[in-house]
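For reference, the structure discussed in these notes is given below.
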4 protein chains.
Amino acid sequence: MLARVSTAPTFKRLPRAVREQQMLDAAVKVFSRRGFHAASMDEIAEDAGISKPMVYAYLGTKEELFVACLHREGTRMMQAIAGAAAPELPADERLWRGLRAFFGFVGAHRDGWAVLYRQARGEQPFAGELAGMRARLVDIVAGMLDHALRAEGREAGETDLEVVAYALVGATESLADWLADHPDADPEKTATRMMNVAWLGAGQLLAGATWRPGR
Amino acid sequence: MLARVSTAPTFKRLPRAVREQQMLDAAVKVFSRRGFHAASMDEIAEDAGISKPMVYAYLGTKEELFVACLHREGTRMMQAIAGAAAPELPADERLWRGLRAFFGFVGAHRDGWAVLYRQARGEQPFAGELAGMRARLVDIVAGMLDHALRAEGREAGETDLEVVAYALVGATESLADWLADHPDADPEKTATRMMNVAWLGAGQLLAGATWRPGR
Amino acid sequence: MLARVSTAPTFKRLPRAVREQQMLDAAVKVFSRRGFHAASMDEIAEDAGISKPMVYAYLGTKEELFVACLHREGTRMMQAIAGAAAPELPADERLWRGLRAFFGFVGAHRDGWAVLYRQARGEQPFAGELAGMRARLVDIVAGMLDHALRAEGREAGETDLEVVAYALVGATESLADWLADHPDADPEKTATRMMNVAWLGAGQLLAGATWRPGR
Amino acid sequence: MLARVSTAPTFKRLPRAVREQQMLDAAVKVFSRRGFHAASMDEIAEDAGISKPMVYAYLGTKEELFVACLHREGTRMMQAIAGAAAPELPADERLWRGLRAFFGFVGAHRDGWAVLYRQARGEQPFAGELAGMRARLVDIVAGMLDHALRAEGREAGETDLEVVAYALVGATESLADWLADHPDADPEKTATRMMNVAWLGAGQLLAGATWRPGR
DNA sequence: GATGAATGAGCGTTCATTCAT
DNA sequence: TATGAATGAACGCTCATTCAT
């Protein structure tokens, strides 16, 4: 048997980091479509174009694999939102920028993040991971509110702020779900609507008030 | 062997209606704790104090059983909210009463409904059932908003109303999750907070405004 | 509670013999349609309009029930064929009458006997029952042949006769299956064809010979 | 712990093709003995010396497995009969060769094919498969008859030929059953007897005629 | 590094069969 | 007599996970 001449690219023996990304891509895709339990390691491996033992060798258990997906997607999202809201801006501008960044991300990763996020709920093993991510979001929002309050010399109970932030985050997630389910909807427009509800509240909306980006 | 004193009830040979409720109770409990997939029919049967075949005889397949749970809990919730908001009241009063009824129900069925609701998302087979329930809620809220608008001679696009209502429902569900996770929290108080966010919006909240029940 | 006045027929409390026939009717029907294993006692009981424990009380185990079906149908068939072939007639006439009686019976009990018979094969527990029935048929045919031989002063080995008879019975059963599968086919015509093959053989058939009833 | 001497074959990690044959062997055996329904996948797997999941991985569902058995055995039989009857020979010679090949095959696969064939009847899911195989046999026989008729310038209705062929095939199958149940019987002799009945018919047999191979 | 071969363990479902009324 | 209620015991099938090459 002669040595194989390595001229044409064989698409094999890729460096580990690349392989891992391929696997994560496949995993995110399959988990999104089927849900955590219904997803099978076989399908993930096949979709990644790789054999099952490799998946185990690189990313470990099914649970660990799912957590890895959560982490990667979560990190990406956080980075997308990160610098969106500089503390020196007024509160509404900060909120607006954050929402726009968030819905922009969800719009771009519809069947990736949004659905995957939807899966993490309800599967206890990942309650912790998810709670952590949401807590970070809630903290950001609560921080905004707190900052704005202090700027006017007032203060609020911690729980109160947290709960308000929680509600805002919840409403936002809910609209994100809606966005993920309506492929033709416009992220920017959705963000605007969310901003209206969040900032003005139903009372003023009914009274005819409207919030619009850029004043 | 002493004669068995037939004082204590034997808990056997109960009529079908009773057994069905026992099974549904057990199913709600187990589905809540483990999630749909992780829940096993064995555990549900055992928890109901009955053998597995009876569960199949009365309530059918695992999926059918889950749907039955969804229906029972959903119906209970809808009934709890039902007459809460009479159309002749002003919009904020209607919203408030609806929220109070909702959080009251969730508070009373913490590990029942709220968690079960949490499970239904993400499991494709039940998308329909859940979407239906949520749609009814969204319709109710959108109806409130629309009614209030028309009362003032104004009008709004249908999609806009729906999206706003969607956001409000989402925020509410989110706080319901929060309530379900905080056993010591007070449903009434949570409803009040939700009302503040929903009605006043972050803008007015930051400006120091507060909404309080009864004026 | 007053004594129930037994004016209108309640269709209950029927005498045992009647009930048993109802059950057997239902059993034959269900076994035919589903096959022995696929048939369920539930369906049989329901089809008989009676509760399952009654079936067990009257006809015993599922196997026993099937055997009871076999016996009833087998007996009916044997009776239908019984006097068909008087020994004093010539052999071909006897054979013809037997075949006509047999196909007549099968034609009238298409989905009853024929299919049920088809089920008994392959289910070992009933090998004995079925073998017995077929043995009786084979014996009848072999007896015919033997009688005809002796009438001419000749004789044949027992095995030879048995095997020939076996082949004839097999061919006949096979055409019975065919008849059962072709609802529009005419039993009389089928019997004639069978008679042609059996009596003349392929050789003479190819040579243009034909056998016709009544000379 | 002594070093394991690797002399005896381990019988593990065999290539797929080999394992598939082992499984089919085991399946044919178990299906034959127990019948389709009574056979359990566990027993088949154990008999094949392999775990159940491998059976599913390679051969699929129980039904698919049975069909695979049917196909393998059916193909083998057809191949055994295939070239047996060259068209240029006279009809009786062709029939004789076909019968000899058939009984030879059945004699060699007693508990394999014959019993398995016996199982396929009556189990509705396989009606199609079996009907197809029998149809091919019937066609072959009908073709022989038709060919012989045309050679003499005569013709016969299609249905007539088919029914006659059906009867012949039925008789043959029946004797095959008999052969499978009598382990000591001689296939060749059985073929001869069948040939006598089929070719000469009962009439000539009773009149003392005899057909013998080779003139 | 990479994979085909292999399995332990478990789950959903069904069914013949029997109490207790 | 007649039945609704109840179950033990299997069976088909799947899947995450690991050897051995």
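Since the structure is predicted, the reported quantities are computational estimates derived from the model, not experimental observations.
Between B:A38 and C:T61, the one whose closest nucleotide on DNA chain E sits nearer the 5' end is B:A38. Residues D:A57 and C:H37 each lie close to DNA chain E; by heavy-atom proximity, the contact nearer the 5' end of the strand is made by D:A57. Of the residues near DNA chain F, A:F36 and C:I50, the one whose nearest nucleotide (by heavy atom distance) lies more toward the 5' end is C:I50.
Across all strands shown, B:M54 has heavy atoms under 4.0 Å from base atoms, whether or not it also approaches the sugar-phosphate. Across all strands shown, D:A39 has heavy atoms under 4.0 Å from sugar-phosphate atoms exclusively, and none from any base.
Among the nucleotides F:dA9, E:dT13, E:dA6, the one closest to any side-chain atom of B:Y56 is E:dT13. With E:dT3, F:dT7, E:dA6 as the choices, the nucleotide that has an atom nearest any side-chain atom of B:S51 turns out to be F:dT7. In the set F:dA16, E:dG10, E:dC19, E:dG10 carries the atom at the smallest distance from any side-chain atom of D:K52. For C:M41, the side-chain atoms get nearest to E:dA16 when compared with the rest of E:dC15, E:dA16, E:dA6.
Spacing between atom CG of A:L65 and atom P of F:dA16 amounts to 11 Å, rounded to whole angstrom units. Between the CD atom of B:E20 and the P atom of F:dG4 there is a distance of 15 Å, given to the nearest Å. Atom pair B:E46:CD and F:dG8:C1' shows a separation of 15 Å (rounding to whole Å applied). Computed from coordinates, the B:D42 CG to E:dA9 C1' distance equals 13 Å when rounded to whole Å. What separates CD1 of B:I44 from C1' of E:dT13 is a distance of 14 Å, to the nearest Å. Rounded to an integer number of Å, the gap from CZ of C:F66 to P of E:dC15 is 17 Å. Counting to the nearest Å, the P atom of F:dG12 and the CD atom of D:E43 are 10 Å from each other. Spacing between atom CZ of A:R16 and atom P of E:dG1 amounts to 8 Å, rounded to whole angstrom units.
Between the side chain of B:T61 and the backbone N or O of B:E64 there is no donor-acceptor pair closer than 3.5 Å.
Across all strands shown, E:dG4 pairs with F:dC19; the Watson-Crick or G-U wobble distances both stay below 3.5 Å.
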Could you walk me through whether D:H109 and D:V28 pass the side-chain contact (heavy atoms from CB on, under 4.5 Å) check? CA-CA 11 Å; D:H109 293 68; D:V28 166; over 6 Å; no

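D:H37 and C:E123 form no side-chain donor-acceptor contact under 3.5 Å, judged by distance and modelled atom types alone.
Geometrically, A:K62 does not engage A:F31 in a cation-pi contact defined by less than 6.0 Å to the ring centre and at most 45° from the axis.
Within a 6.0 Å sphere centred on CD of C:Q21, other residues, nucleotides and ligands contribute more than 12 heavy atoms.
Between C:R19 and F:dA2 there is a side-chain N or O to OP1 or OP2 distance below 4.0 Å. Contact check, A:Y58 against E:dA2: a side-chain N or O comes under 4.0 Å of OP1 or OP2.
No donor-acceptor contact under 3.5 Å links the side chain of D:R13 to the base of F:dA20. Between the side chain of A:K62 and the base of F:dT17, no donor-acceptor pair of N or O atoms lies under 3.5 Å.
Between the CE atom in B:M23 and the CG atom in B:D25 there is a gap of 11.0 Å [rounded to 0.5 Å].
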